[in-house]
Student: 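The structure is given below, and queries will be raised subsequently.
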Amino acid sequence: MHKKTASPALKIINVDPYEKCSVKVNLRKDLHLYVDHIQNRLIKRSVRENKIPKADAKRIANLLANPDAVAEINEDGESTWVNFIDELALALGFTNYDTKGEYLGYSSASPAFPDNYIDFNDQAYQRFLALPLQKQEQFIFDTLIGEFAAGYNEFFSRSFFGRLDTFSSMGCAGGVMPGIKFDNVRKFLFRCLKTCKPGVWYETASLVRYLKAAHPFFLIPKEPTYQYKWQKEQGRYCNFSEHDKQMNKNEKISEKDPDAFERVEGRFVERFLENIPLTLGYVDLAYGMPINPGKSPSMGKQKAFKINECFPRLMNGEISEPRVTVHPNHEIHLESEFYPASMLNRLTLFSDLVTSDRICILKLNRMKAVEYMADGKSLDLKRYLQELTHNPLPPNIAAELNEWAGHSETFILYRGCGLHEGNDLPPLLKDFELEALSPGLRLVRSPDTLFSRLEKDRRVPVLITHGSNAFTAPPDGVKSVFTRKMEKGKKTETKALMTITQKSFVTLFFETDQFLDAFVKALIREKCTVEINKTKRSITYAAEQKKQLNGVMNQLKKRYQIKIVGSMS
């Protein structure tokens, strides 16, 4: 067990000559998209291989953010990314299915999985969504660190987004491999990364040098346990060989070799960085030419790594909750460092998702909001939104939400029934109540009898019989949520004329800084002045500039395929 980790003195290098690698695929988003798909379908896994059938896998791949998933299925019949998300959902407890199988007859060489359906665990998933974003990320992080066994680790498993090949796993059921505690090794290396400064490119080889000098046994124990005598004779690197491609032969790595640590532990560190850290977006990597061309696995091909801002915040427990902002144009902007599935689930009950990126954009939907309030999910949507956002609601949004709340009180009256309106509910009302429409509205049977009982109870009720075509106005002094009585005798005043100039703007959001820079350069060439926000990767222009913007897009279409998602008005 590794205890205290000293701060490594790593070398800072210039990565301009190298190929940079950063992951744009959002694992967290794909995980939730997968769960959304699974919970609404009954999927039977294949009998022999216990995998998601090709047709279902392709449907899932089309939903996910990884563009290679569909291509993999078209070529190989399955996708490693879809399989990984499927296994992660199982490990997190969101799904359940048989993983052991059964042997069908004496001649069976491998287990079969008849009638093996994917079951969705809604309780576990809802418990996860109820957690703060910090604990959600920690749960995924801890699961990935500890989920993989000796046969499924960085030595033998390729990264989804990295560049490095792997060792051969042949003969690794014995030797030192079964004794390596990969979960502890990963935790130790993550503690090393925690000491690095975000945004700085560090040489990977300098991390290996630090580990060799300060923690030479971080991976393989100082005194490993061997299963056979010949393994002990070969030493701590008995499981590892290099393959000479030109000579087409394997060469054993000996612990007596001066560079044995670099050739085993060093290779592991390189592959560790491009597995969990890269897949979760905690690091960016830089690649160049390997220092051992002609041999595999490659060595020294990964030149540098850079820690991203989100990683130290996770390690320090500082991941903040999503930030909600409501705009006058009915848009709700949701800013979050990690995919805010829980908040999106809440907001989409009364709004439509327009774009989903680091900043998710939703738009208030009047019909959904009215239904949301009518179902009793929120009797005061204005107050609910105000509690979610950090800024006061725009006045026009607050006014419209009040109006929508009135529409949410719509109901159907049945023959022989009536409506009791009032917040002070007498006990006798229980004998007549059919349904609670809202805290102040009750659908009741036998309204005439109820009226008589209320009079006897000295409640001073008011009985109003409405016509077939319109509501009957209540008497003076009687208030109702369904009518608004104009004040009588109010004199008409001369009002000052207020002139308001309306100007419409359009905001475009870009997925990457590269696309934003290309668009801005094209705008400069066209001498088109717009508002640019590099933090949000967006530009905002007036509606009358649309013609100029169309000209800019036509120029860019010579180099890019342009797809605009959402409304342009």
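These numbers come from a predicted model, not from an experiment.
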Student: Which residues pass the salt bridge (Lys or Arg N to Asp or Glu O under 4.0 Å) test with Glu337, not counting sequence neighbours?
Tutor: Arg313
Student: With a 6.0 Å cut-off on ring centres, are Phe160 and Trp81 close enough?
Tutor: yes
Student: Salt bridge or not between Lys303 and Glu203? Use side-chain N to carboxylate O under 4.0 Å.
Tutor: no
Student: Indicate yes or no for a side-chain donor-acceptor contact from Thr348 to the backbone of Asp352 under 3.5 Å, with no hydrogens or angles considered.
Tutor: no
Student: Below 4.0 angstrom, N of the basic side chain to O of the carboxylate: do Lys295 and Asp244 qualify?
Tutor: no
Student: If the threshold is 4.0 Å, N to carboxylate O, is there a salt bridge linking Glu511 and Lys24?
Tutor: no
Student: Give me each pair satisfying salt bridge (Lys or Arg N to Asp or Glu O under 4.0 Å) with a member in residues 57-72, each pair once, sequence neighbours excluded.
Tutor: Asp56-Arg59
Student: Could you tell me if the ring centre of Phe509 sits under 6.0 Å from that of His333?
Tutor: yes
Student: Taking the six-membered ring where the residue is Trp, are the ring centres of Phe311 and Tyr282 under 6.0 Å apart?
Tutor: yes
Student: So, Phe190 versus Phe272, ring centres under 6.0 angstrom or not?
Tutor: yes
Student: Salt bridge between Arg263 and Asp257, side-chain N to carboxylate O under 4.0 Å?
Tutor: yes
Student: Identify whether the distance between the nearest side-chain nitrogen and carboxylate oxygen of Arg186 and Glu154 falls below 4.0 Å.
Tutor: yes
Student: Does Lys301 pair with Glu19 as a salt bridge, N-O distance under 4.0 Å?
Tutor: no
Student: Is the side chain of Asn62 donor-acceptor paired with the backbone N or O of Val70 at a distance under 3.5 Å, no angle test?
Tutor: no
Student: Indicate, with yes or no, if the rings of Phe155 and Phe240 have centres closer together than 6.0 Å.
Tutor: yes
Student: Would you say the ring centroid of His32 lies under 6.0 angstrom from that of Phe94?
Tutor: no
